[in-house]
A.B. asks: 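Sharing a structure with you now.
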There are 2 protein chains.
Amino acid sequence: MTTQTAADARRDTAAEYNAFLANCPSRQLLDRISDKWVALTLSALGSGPDCDGDPRPLRFSELRRILAGVSQKMLTQTLRNLEADGLLTRTVTATVPVTVTYELTDLGVSLHGAIRALKGWAEQHMDEVFSNRTSQAVACPAG
Amino acid sequence: MTTQTAADARRDTAAEYNAFLANCPSRQLLDRISDKWVALTLSALGSGPDCDGDPRPLRFSELRRILAGVSQKMLTQTLRNLEADGLLTRTVTATVPVTVTYELTDLGVSLHGAIRALKGWAEQHMDEVFSNRTSQAVACPAG
DNA sequence: CTGTATCCTATATGATACTG
DNA sequence: CAGTATCATATAGGATACAG
C-alpha cells in the first residue's frame, strides 16, 4: 500500500539523513543521553545525588528516590537500556524481598566522566545563558 | 476545578524534583542539548557537516541541507532557542530574496567545544556500546 | 529565501493495577 | 522490593499551506 505516504516517507528520509550524519558518532550518543533520565541515572550512580561524590552502586529504590519524580516504568526502561549498552551492571541478590543493585561499568564511569566535562561548561556558563534568556524576554514587551 | 489531578500532580511534583536536582547545572544544560536538533545545529555551525572543520556562519538553507531531514519548523525553533540563549547570532541581509545567516557566538563556540569532548568519548567507545547491544539481542533468541 | 500558522500523528512518559 | 502490563495523555515533531 502507498497509503502511509507520510510515515513511510519520513522513515525513508530518516534512513538517509542518519547515514549522512553517521560520521558524527555524537549522533548515536546523543540519541542515548537525550533520554530524559539517562544522564541523571549516570550522575546518580557516578557521583551521588549531589553530583559531587564518587561512583557507587545503588539499589532500585535508592535510584527511584534520588531521581525523585521518575516513574517505575521510566526508571526500569532507562536501567535496561543502560544495561544493554554495557554502561551499568544489574545484580540480583535473593534476599527475602529481593535486592537489586545497579553499578556503573568502567565504560559507564568513562561516559560519566565525559558528562561531567559537559557539566563543567554548564557550571561556568549557565548563568550567562539564563541572563540572555531573560533579557530576550524583557526585550520584547510588545509581545 | 480539581479535575486535572494527573497533570497538576505531575507539575507539582516536577517543581519538587527539579529543585532537588537543581544543584546539577547539567540538568538545565541537558534540557537544552537534549533537543533533537540542538547538538547537530551546534555541530554544523561549529565544525561543518563532517564535524571536523572550523566554526563558520551558515545560511538557513545551508543548515537545512546539512541537517538533512529537519523540518522548517524544528530548524526555526531550534535556531530561535539557541539565539535566545545567546549561543548564536542571527543576521538578516535585505537582499532580493532575503538572506539570513547564523553564526556561533563565543559562548556557542565554547559549548561546541564541550560537545566535541563528549564526541571524543563516542568516537572511542560507541563501537563497544553497539557490540554490547548486539550481543544482548543475540543472547535472547527465545524472544 | 526564510519563515509563520495550522493541523495531525507518533512517541515519550506518567498513572494505575497486578505479580514473584 | 522490584518489577511487568496496560491504559491514558501530553508533547514533540512532521506535513502542509500560506506570507513577506
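Below, chain A is the first sequence line, B the second, and so on; all start at residue 1.
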A.B. asks: Nearest whole Å is fine: how far is C:dG3 C1' from B:Glu83 CD?
C.D. replies: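 Taking CD of B:Glu83 and C1' of C:dG3, I get 13 Å after rounding.
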
A.B. asks: On DNA chain D, nearest-nucleotide positions of B:Ser34 versus A:Thr99: which is more 5'?
C.D. replies: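 Its nucleotide being nearer the 5' end, the pick is A:Thr99.
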
A.B. asks: What is the distance, rounded to the nearest whole Å, between atom CG of A:Asn81 and atom C1' of C:dT11?
C.D. replies: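 It is 14 Å, rounded to the nearest whole Å.
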
A.B. asks: On DNA chain D, does the nearest nucleotide to A:Leu79 precede the nearest nucleotide to B:Ser71 from the 5' side, or the other way round? Give the residue.
C.D. replies: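 Whichever sits nearer the 5' end wins; that is A:Leu79.
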
A.B. asks: For the pair made of NZ in B:Lys73 and C1' in D:dT11, what is the distance, rounded to whole Å?
C.D. replies: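 My rounded result for the distance is 10 Å.
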
A.B. asks: Rounded to the Å, how far apart are B:Arg90 CZ and C:dG3 C1'?
C.D. replies: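 Distance check: B:Arg90 CZ to C:dG3 C1' gives 8 Å.
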
A.B. asks: Under 3.5 Å, is there a donor on one side chain and an acceptor on the other for B:Ser43 and B:His112?
C.D. replies: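 On atom types as modelled, these side chains do not qualify, holding no pair under 3.5 Å.
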
A.B. asks: Bend across the helix from C:dC1-D:dG20 to C:dG20-D:dC1, to 10°, with axes taken over 5 pairs at each end?
C.D. replies: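 Axis angle across the helix from C:dC1-D:dG20 to C:dG20-D:dC1, nearest 10°: 50°.
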
A.B. asks: Could you tell me how far apart B:Trp37 (CH2) and D:dA12 (C1') are, to the nearest whole angstrom?
C.D. replies: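 From B:Trp37 CH2 to D:dA12 C1': 12 Å.
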
A.B. asks: Pairs under 3.5 angstrom, nitrogen or oxygen only, protein versus nucleotides 18-20 of chain D, please.
C.D. replies:
none

A.B. asks: Under 3.5 Å, which donor-acceptor pairs link side chains of residues 73-82 of chain A to any protein atom two or more places apart or in another chain?
C.D. replies:
from: A:Thr76; atom 1: OG1; to: A:Gln72; atom 2: O; distance (Å): 2.9
from: A:Thr78; atom 1: OG1; to: A:Met74; atom 2: O; distance (Å): 2.7
from: A:Asn81; atom 1: ND2; to: A:Gln77; atom 2: O; distance (Å): 3.4

A.B. asks: Nearest whole Å is fine: how far is D:dA2 P from A:Arg80 CZ?
C.D. replies: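 To the nearest whole Å, that distance equals 12 Å.
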
A.B. asks: Roughly how many Å is it from OH in A:Tyr102 to P in D:dA2, rounded to a whole number?
C.D. replies: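 Atom OH in A:Tyr102 sits about 8 Å away from atom P in D:dA2.
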
